[in-house]
Amino acid sequence: MSTADGVRLRPLRFDDWSRVHEWGSSDTVCRYQPWGPNTLAETQEFVRAAVDAWSGRPQTRYAWAAVTVDQGVVGMGDLRIRSVKWRQLDFGYVVHLDHWGQGIATAIARQITDFAFRTLGAHRVEATCDPRNLASARVLTKLGMTHEGRKRQVIELRDGWRDSDIYSILEHEWSAVIPAAAP
């Protein structure tokens, strides 16, 4: 998948692990996450599982590397099918610290959400973020997602229990916000 802003998504490959480890071992990048900072072995295990998910039948997880022509792997996105029957999916994304503030997270999230609706036929796509992560909340809002509320103390992080803000977008909302993709 690709977008005009130069960020392209491709399936994550095991040889991406060293780049993934650059952000997966960063205290700053992992601040709001239930994972990390990762050891080398944890990163390799994560990447191996993400790569293996591409061959799952039925496939319930899609893990992409976000790449640019000049920088290589700059982040990743992860989409999971939570309910086949109800066509509900959720996603997450991460961007290498060196590329924060460049619109890459928005490009990743937009492509993943587009894939969820256009390719997988989603009815509802959601994402969560730590309420302190204002940049991530802005990304989700830019996509046209609705802030549905806050779940209290759902994940225990290194600095204590974390709340999660829930954002979602429905099929009819997405089609109203995003123009039809070119063939």
| query | Are V51 and V67 in one and the same hydrophobic cluster, where Ile, Leu, Val, Met, Phe, Trp and Tyr link if side-chain heavy atoms are under 4.5 Å apart? | reply | yes

| field | Salt bridge flag under 4.0 Å for residues D16 and R10 | value | yes

| field | Min side-chain heavy-atom separation L40-W17 under 4.5 Å | value | yes

| message | Counting only heavy atoms not in W86 (residues, nucleotides, ligands), do more than 12 fall under 6.0 Å from its CH2? | response | no

| task | Spell out, yes or no, whether V125 and L120 are grouped together once hydrophobic residues are joined by side-chain heavy atoms under 4.5 Å, including indirect joins. | result | yes

| Option passing side-chain hydrogen bond (donor to acceptor under 3.5 Å, both in side chains) with S168 (candidates H147, E126, E148, E173) | E148

| query | Does a donor on one side chain sit under 3.5 Å from an acceptor on the other, for H96 and E22? | reply | yes

| task | With the side chain counted from C-beta on, respond yes when Y62 and L12 share a heavy-atom pair under 4.5 Å apart, and no when they do not. | result | no

| message | So that I can tick it off, tell me whether D163 and K151 are bridged by a salt bridge, with the cut-off set at under 4.0 angstrom between side-chain N and carboxylate O. | response | no

| query | When you check the gap from the basic side-chain N to the acidic O, do R61 and D52 get nearer than 4.0 Å? | reply | no

| task | Applying salt bridge (charged side-chain N to carboxylate O under 4.0 Å, His left out), run through R132 and D159 and close with a yes or a no. | result | CA-CA 12 Å; R132 300 170 293 176; D159 64 346; 2.8 Å; yes

| query | Do you reckon F14 sits in the same ILVMFWY cluster as V94, going by side-chain contacts under 4.5 Å, direct or chained? | reply | yes

| Does a donor on one side chain and an acceptor on the other come within less than 3.5 Å for S164 and R162? | yes

| query | Can we call the ring centroids of W64 and W54 under 6.0 Å apart? | reply | yes

| message | Any carboxylate oxygen within less than 4.0 angstrom of a Lys/Arg side-chain nitrogen, looking at D90 and R80? | response | no

| Judged by modelled atom types alone, do S136 and Y93 share a side-chain donor-acceptor pair under 3.5 Å? | yes

| Is any side-chain heavy atom of D130 less than 4.5 Å from a side-chain heavy atom of D165? | no

| task | Measure from the side-chain N and O atoms of R124 to the backbone N and O of L170, and report whether any donor-acceptor pair falls under 3.5 Å. | result | no

